[in-house]
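Notes follow the structure.
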Amino acid sequence: MSAIYLNLKLHKLKVQYKSGETWVFYQDKDYTKTKTYVFPDSLSDERTHIQTYWTESGRKFIHNLMQQGGTL
């Protein structure tokens, strides 16, 4: 399943909402973690990129949600 599809389904199930360009859970339960990467741009200025990862509890939450009838 793609990230876009999963995010839209979680939004439809009222699990998360979009704030600007970022999806945010209504309740923070440590379902995701982020890592920040620093890299030089074409002018050698430092830029950052944030990558979001599902935690094990987040994966369990999605699995349980699917089993409870919140079909994704």
Side-chain angles (χ1 to χ4, degrees):
M1 155 182 333
S2 74
I4 293 170
Y5 182 79
L6 177 60
N7 283 322
L8 291 174
K9 288 298 183 178
L10 291 175
H11 177 66
K12 184 177 178 182
L13 294 170
K14 302 194 185 313
V15 172
Q16 67 182 8
Y17 63 95
K18 198 162 191 179
S19 176
E21 295 295 317
T22 305
W23 287 102
V24 180
F25 284 102
Y26 283 108
Q27 295 180 352
D28 181 14
K29 298 194 183 246
D30 294 323
Y31 292 149
T32 61
K33 296 285 184 192
T34 59
K35 290 184 182 179
T36 303
Y37 297 95
V38 179
F39 61 94
D41 66 9
S42 60
L43 301 175
S44 295
D45 291 328
E46 283 192 351
R47 299 285 183 214
T48 59
H49 174 75
I50 298 173
Q51 181 71 42
T52 302
Y53 297 90
W54 286 98
T55 62
E56 187 60 30
S57 62
R59 287 189 284 276
K60 287 179 183 178
F61 169 75
I62 297 296
H63 181 75
N64 291 337
L65 189 64
M66 290 171 54
Q67 285 188 332
Q68 294 172 2
T71 56
L72 300 173

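- Panel note: side chain Ser57, backbone Asp30; a donor-acceptor pair is recorded below 3.5 Å.
- Taking a 6.0 Å sphere around NZ of Lys18, one finds it holds more than 12 heavy atoms contributed by other residues, nucleotides or ligands.
- Both Val15 and Tyr5 belong to a single network of hydrophobic side chains, linked directly or stepwise wherever heavy atoms of I, L, V, M, F, W or Y lie under 4.5 Å apart.
- The distance from the OH atom of Tyr37 to the CD1 atom of Ile50 is 11.5 Å, given to the nearest 0.5 Å.
- Between Tyr31 and Phe61, the ring-plane angle classifies as parallel under the 30° and 60° cut-offs.
- In this structure, Trp23 and Leu6 have side chains that are not in contact, with every pair of non-hydrogen atoms separated by 4.5 Å or more.
- Leu43 approaches Asp41 most closely through the heavy-atom pair N-OD1, 2.9 Å.
- Hydrophobic clustering of Ile, Leu, Val, Met, Phe, Trp and Tyr side chains at less than 4.5 Å, counting indirect connections, keeps Tyr17 apart from Leu10.
- Rounding to the nearest 0.5 Å places OG of Ser2 at 11.0 Å from NZ of Lys9.
- Tyr26 and Leu65 are not part of a single hydrophobic cluster, where members link through side-chain heavy atoms under 4.5 Å apart.
- Contact between Phe39 and Thr48 at its shortest, heavy atoms only, is CE2-C, 3.7 Å.
- Taken from NE2 in His63 to CD in Glu56, the straight-line distance is 11.0 Å, to the nearest 0.5 Å.
- Atom-to-atom distance recorded for Leu8:CG and Leu13:CG is 11.0 Å, nearest 0.5 angstrom.
- Checking side-chain atoms of Asn7 against main-chain N and O of Ala3 turns up a donor-acceptor pair under 3.5 Å.
- Enclosure of atom CD in Gln51 by more than 12 non-hydrogen atoms of other residues, nucleotides or ligands within 6.0 angstrom is indicated.
- Listed for the Arg59 side chain is a donor-acceptor partner under 3.5 Å among the backbone atoms of Trp54.
- Although no hydrogens or angles enter the test, the distance criterion places a donor-acceptor pair under 3.5 Å between the side chain of His11 and the main chain of Gln16.
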